[in-house]
Structure formats: structure tokens, C-alpha cells
Number of protein chains: 2
Amino acid sequence: MSDPTTAPRPTLEAVAARAGVSRATVSRVVNGGDGVREPLVERVRQAVEELGYVPNQAARSLVTRRHDAVAVVIAEPETRVFTDPFFALQLRGISKELTLHDCQLVLLLTEGRDDHARVGRYLAGGHVDGALVFSLHLDDPLPGLIRGAGVPTVFGGRPCWADGSRGTAPTVYVDSDNRGGAREAVRHLASLGRTRIAHIAGVLDQTSAVDRLDGYRDVMLDADPRLIVEADFTPAGGERAMRELLGRFPDLDAVFAANDLMAAGALRVLRAVGRRVPEDVALIGFDDMLPVAEQTDPPLTTVRQDIEQMGRLMARLLLRGLERRGGEAAGTPGGTPSSVVLPTTLVRRASA
Amino acid sequence: MSDPTTAPRPTLEAVAARAGVSRATVSRVVNGGDGVREPLVERVRQAVEELGYVPNQAARSLVTRRHDAVAVVIAEPETRVFTDPFFALQLRGISKELTLHDCQLVLLLTEGRDDHARVGRYLAGGHVDGALVFSLHLDDPLPGLIRGAGVPTVFGGRPCWADGSRGTAPTVYVDSDNRGGAREAVRHLASLGRTRIAHIAGVLDQTSAVDRLDGYRDVMLDADPRLIVEADFTPAGGERAMRELLGRFPDLDAVFAANDLMAAGALRVLRAVGRRVPEDVALIGFDDMLPVAEQTDPPLTTVRQDIEQMGRLMARLLLRGLERRGGEAAGTPGGTPSSVVLPTTLVRRASA
DNA sequence: GCGGGCGTCGGGAGCGCTCTCACCGGGACT
DNA sequence: AGTCCCGGTGAGAGCGCTCCCGACGCCCGC
């Protein structure tokens, strides 16, 4: 706690008095200064400076119905998903972009049903201009709630319903090219002369896991389906899956895991049973989660996605949509911002 | 983007009309319903329900001068520090506690000087009721700015000035017992019969690094100062430091690293030069950063801090301070909330 | 049976801002 | 020379809410 004597903050009125102009003029200057002659602008600026005037956002919002704030909703931050730097990087990207536009970031973390209701109410309450939503699971009710709330929204990661082209309003999302990345990884394994290539999939109620699996399948057109094991994105899950796979196919010579954590688990099992990586079994992960991918022995070859960039893009898309709204109401050139899929890159280290 | 036709949200007035009462009565019901007779309360509640009324926070703030929102300021989220789940967990703890009190979380990430000014302006602008601030570096101007802004604040981690008892206003912070945890780690190494115990310190412009070093010194009272090497909290730094130490003391038999990342780096070097862990050299880290500590080989013995709990506590302390303010203005029993230092626990795995 | 007090309720002012509109002056045009 | 127009400025209304205060019962006590 600091200063308990809350000094009364100067108001527009006070600035106007000091500058010898009307409230309206001060307001104009504060909001860009268009239509005010230079000498007056200067006088007002100085008064603002001297008084340390800061606009009262509440009063402003009351009349403009804008808040210069967007909500970032992160659903179900279980320890597992929260443990990786994914969201931190997204947030950083989002924050940078929002800052550029003088927009605040209201963070909403949810877990469990009642939280969903709370978030729904908050968004519907019109406290923010828009929302950036991360919802990982197929059965998550949150996206539906949000669409109901009528708040402009951009999703992080392709939401589940966005694959079938429903008759619904267009959903804007930013995702990385999970499928393409997976394809590249598997192709790389194939180019190494590997033929028995297994896949440790993530939880298949997430589009990212499904897409990576699809990418694998794109390349391994007629592979034995038993080469695919679904796990849970954790190292322990990766271990179990690896053991399972080794049991089924003692002769397998490559593994593509749907994330680095599972790859790390798989790596431990491989080493434990005496398989050399990459000589006997080549291994590729996904995410390029640095503290893991660089720390394994050997360091992990993996598929990198530019997570911070995803965040920036989400924010940019949302803001663009918002200003379109405020502007010509409709029909402005450019049309509705549409979804973006960012490219991935294969990072070659030692494991494949 | 969704529904472009923004439906006009119902106002207090509308609810009042529908319930056949006055605005004032609706307001009373919405804010707890004290002093309104039951049948009326019920009627109003129903009207609220039917109209889907949500209070306009801006209008409310305008008169109450409260915002039901606190800022979380995270200074300098360099990739290194942002890469570990530390902030994510803190945020989760903070979010949970704030949610309990119907309080919003405004996230402010900063990097660089101009950002500081921006944050200072924002806080001084009175847009939030309080602030939770994470500032890691000794020379960070942010804490000063914030104190200047006159916003109730709780710090995450002991700020640098809080050690000397200045005549300034009391600073409230939440920290974990870095020094005690370090002591416990080093004592554990000693109890294993190790005598040549080295310390890989973190960047010493952070109080956490300094405290951990102090804890080491508390136990190793007359150790050779050359057993201490300052590194930068990264795996690469840990590697360099380890090599340095091995050069100086080929006979060292234990290492306490100020975080898990450096411990992981040290571990790689030890293995590379053929030292067995823990047989030849025992190794302890700090943080219990799961994706690292559990993935190393052998798994890392380390000092755990309950990060989420720290977050919760910070929020609780701040909120308590805020309600004291709003309440009896001053002199309420209980006094100013004071800083809290949370205990750490030694997690024994295989490396020591 | 009557006055004071308390518990409920409504009226109204006003929080600080934006925005519309009326006003005013000067240059260009008829 | 008079009129029109237009850029610049000020006055005033009103955004949706809270909170103060005054009005109105109602019950209790004398």
C-alpha cells in the first residue's frame, strides 16, 4: 500500500479553466486535436501537462461505448498446458500488439463450468470491445457462449466447428500449420530412409492433435494404423506410448511425436531399452519448446511454430475488425478479416 | 467477429420500469438488496433475469470511483524468464483469488523504458484499484514510478529496497523463502557427507539470486569464495559455470545451482566429463520447474516453491488492503497487511 | 388516540466525459 | 455591398449509474 490520501484528479473542466477555453476544446485536443487551431492546441497541451491530467476512462466509455480493452480468455489452464510457455508467449505477442493500439488486456482464466458462465456474463456485459479466446477442447461450451454474447472474437487455434463449413457466421481464428508441419516432419523422416515411422498423437479432442495426426497420415498413406498411438501430451504419456509401440513393432526406425514433451518421454524409453537415437530410431517432436527440446540428449529435432507471432496476429485481426465496425458500419473495402494459418519450420537438431 | 447488430443493452431504468419500481430500488437490489422488502426484491430479480440486465461498469465506476479491477504488472518478460512456467502459475493463483472477489485482472507486460512510462501513466490514471507488480531487477525504475503513482501495490518477490529499513512507506510483498530453501539444500548436501560444495549463483541483480547465495553462505560459513560462480539462470550459463568450477576444484563433490535450468546445464557438463551424478557429484537445483527437473537424467533434486500460492496471497493481501481503505478510512483493527514469506520444500529425487 | 421513530421507497442531482448544434467571424461569390 | 459558406469555438444535453435526502407508511409507546 502507498499514499492513502488520494489526491483528487484534475478533470477536463479544470484543464479548460486553466487554458482559458471550453471543455469541448480540451476534449478535442486530448483526442487528437483535429479542428483546433495551433496556438490553442499548444495552450491546452501545456495545461494538461501542468495539471497532470489523465482522462477518466470510465466517463469516456460511458458515452463512447468503447473501452479500449479486450478480453483474453484462456480456457482450462490445467497444469499440463499451463506448464509450457505457450500461453506466456502468446500473451506477450498479444500484449505488444494491443499496446501499440492503446488497448488494455483483461485476462480471464477459467476452469470448470461455473467459470464459463462467469466469463459468458462478463463478455455479454459489454465490458470489453472484443475477445481473444483460447479453447482447446472439442466439447468446450465456451466458444458457443461467446458467440452468443455477440462480442467480436478471434480464436487462438482452429476451433472444432470451423472445419465443417456450417451456415454459421464466419469464425476468425489464427492457427499454425499443424498439418503441414507434421507432413514436413514425417517427410523428413522418410527422406532419411526410414520406413517404419510411428506416430505418438496428442489428445484427439484438440484440433491441433487431430491436424498433426492428419499430417502424418497425409504422408504415410497406407501405413499400418497400429503405428499410431494416442497419448496425452505429457512425458509420461509419451513413455507409455513408446513402450506400446516398441511392443507392437520392435523394428520401428522412426517416431514422430505430436509434441516435445511426449518426444522427451519417448526418448527416455528408447534409451532405456538400448536403442540409439537417431541411429536406430529417429525422433521428431513438435512445438520447439526450448527448455525441453534443447535439453534432451540428443537435442530434439522438432517443428517450430512462431507462437508470439500468433498472438500478435490474433490481436491485429481483432483490432482491425473493431475499427471496421466503428468506421463505415459495413461494406468497407477489405471485407471481414479472415483466419490465418501460420507456417511452421522444421528445426533440425540431433535426434533426426 | 460475430453479431454486427449490437443489441441495445437494457439499462437500470428499463429494469425499474418492468418491475414497476424506481431506479434506486433496482440499484439496491443489484448491489445486495439490503433495505428492500422481499417481494420487491423478487420482482426486481425477475425483471433483471428477463431482460438479461448487466450493470454498466463504466457508469458505476464513474460515480463510485472503484473499478473492481487490479493491474498485474510484469516487468521485462525476456524470453528466458517468460519461458518458464513461473508467471503462468502466479497468474493462475492471482486470477483465482481475484475471481472470488469479482475483480478483473488487467495484464500489463513491459519491456524497455518507454513501456515503463506507459505503465506509470496507466496506474496513475486511476484505471484500477490496485496493482500487483513483478519486478526482478535491482535497477528497475518501475517500482519507484509505481510508488509515485499512489496506487495500492503488492510486490511479487522482495523488491530490492525492502531490505534496508528506509523511512519510506511500508512495502508489502510476497516472496518465497529463498534463503531458507537454499540453506536446506546445502545442508542436505552436507548431510550426505559432501564437503566441497559449490554454488552456481543466478544474476545477482535479483533479490532471489542474492537470497539463495546468502542461504548457501549461511551454511558454508568459511567456504572458499571461489566455490561460488555467478551465472545467468540459463542452461548455457550453468554449463559455463560448471566447467569453470571443475577447473578450479577438480575434487568438488556437490553443486547447488540457483535454479533448475542452470542445474540441467551443469548436469550435462558433469556427464560429459564423466562424473557420475549423484555418486561423484551431488546436484541440487531450485524452483522445481517440472518439465526440466523431472526430465533430466537423473531427475533433479530441487527446492520447490508454491508459486500459485504466492499469486493467491498477493491478490489476497491487495484486496484486503483495498477493503480496509474503502471501509473505515483508517485505524481499523488488523493494521496494514504486511509482507509474507512462504516456506519452500526440498524435493528429493535422484541427483542428490 | 396521537406523536415520534424507524424501515422502505422514489426523486433528483451529479460523476467526467463526448457530441451535437448553434454561434461567430472572415473570405469568396453573386 | 450583401449573402453564403465554412472552419473554429462554446454551450448544453445526456451516457447509466449511485447516493443523498425527503416522503410516506407503519408500529410502538405513552
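Naming: A, B, ... by sequence-line order, numbering from 1 per chain.
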Side chains of Arg312(B) and Lys96(B) in contact at under 4.5 Å (non-hydrogen atoms)
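Yes; the side chains approach each other to less than 4.5 Å.
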Donor-acceptor pair, side chain of [X] and main chain of [Y], under 3.5 angstrom:
X	Y	answer
Arg23(B)	Glu13(B)	no
Ser339(A)	Thr171(A)	yes
Arg43(B)	Ala19(B)	yes
His67(A)	Ala58(B)	no
His101(A)	Glu97(A)	yes
Thr64(B)	Arg60(B)	yes
Thr153(B)	Gly130(B)	no
Thr25(B)	Val21(B)	no

Bend angle of the helix from dG5(C)-dC26(D) to dT30(C)-dA1(D), from helix axes over five pairs at each end, nearest 10°
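Result, rounded to 10 degrees: 60°.
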What is the distance from CG of Leu62(B) to P of dT18(D), rounded to the nearest Å?
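Spelled out: CG on Leu62(B) to P on dT18(D) is 11 Å.
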Under 4.0 Å between a side-chain N or O of Thr11(B) and OP1 or OP2 of dC17(D)?
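Affirmative; the distance criterion is met.
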For chain B and DNA chain C, what are the first and last nucleotides along the strand, 5' to 3', with at least one atom under 4.0 angstrom from a heavy atom of the protein chain?
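Endpoints of the contacted stretch of DNA chain C: dT8(C) to dG16(C).
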Walk along nucleotides 4-14 of chain D from 5' to 3' and tag each nucleotide B, S or - by protein heavy-atom contact under 4.0 Å, base first, then sugar-phosphate.
----SBBBBB-
Hey, could you give me each pair passing salt bridge (charged side-chain N to carboxylate O under 4.0 Å, His left out) that has a residue in residues 65-74 of chain A? Not counting sequence neighbours.
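Every pair satisfying salt bridge (charged side-chain N to carboxylate O under 4.0 Å, His left out) with a residue in residues 65-74 of chain A: Arg66(A)-Asp68(A).
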Could you tell me the separation between the CE atom of Met310(A) and the CD1 atom of Ile94(A), rounded to the nearest 0.5 Å?
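Atom-to-atom, Met310(A):CE and Ile94(A):CD1 are 9.5 Å apart.
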Just one of Val174(B), Val154(B), Val73(B) clears the side-chain contact (heavy atoms from CB on, under 4.5 Å) bar with Leu132(B), so which one?
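Answer after filtering Val174(B), Val154(B), Val73(B): Val154(B).
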Of all of residues 43-54 of chain A, which get a heavy atom below 4.0 angstrom from DNA chain D, listed by number?
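Going residue by residue through residues 43-54 of chain A, none turns out to have a heavy atom under 4.0 Å of DNA chain D.
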Less than 3.5 Å apart, which donor and acceptor atoms pair up between the side chains of residues 44-53 of chain B and the rest of the protein, not counting sequence neighbours?
| unit_1 | atom_1 | unit_2 | atom_2 | d |
| --- | --- | --- | --- | --- |
| Gln46(B) | NE2 | Glu50(B) | OE2 | 3.1 |
| Glu50(B) | OE1 | Arg18(B) | NE | 2.4 |
| Glu50(B) | OE1 | Arg18(B) | NH2 | 2.8 |

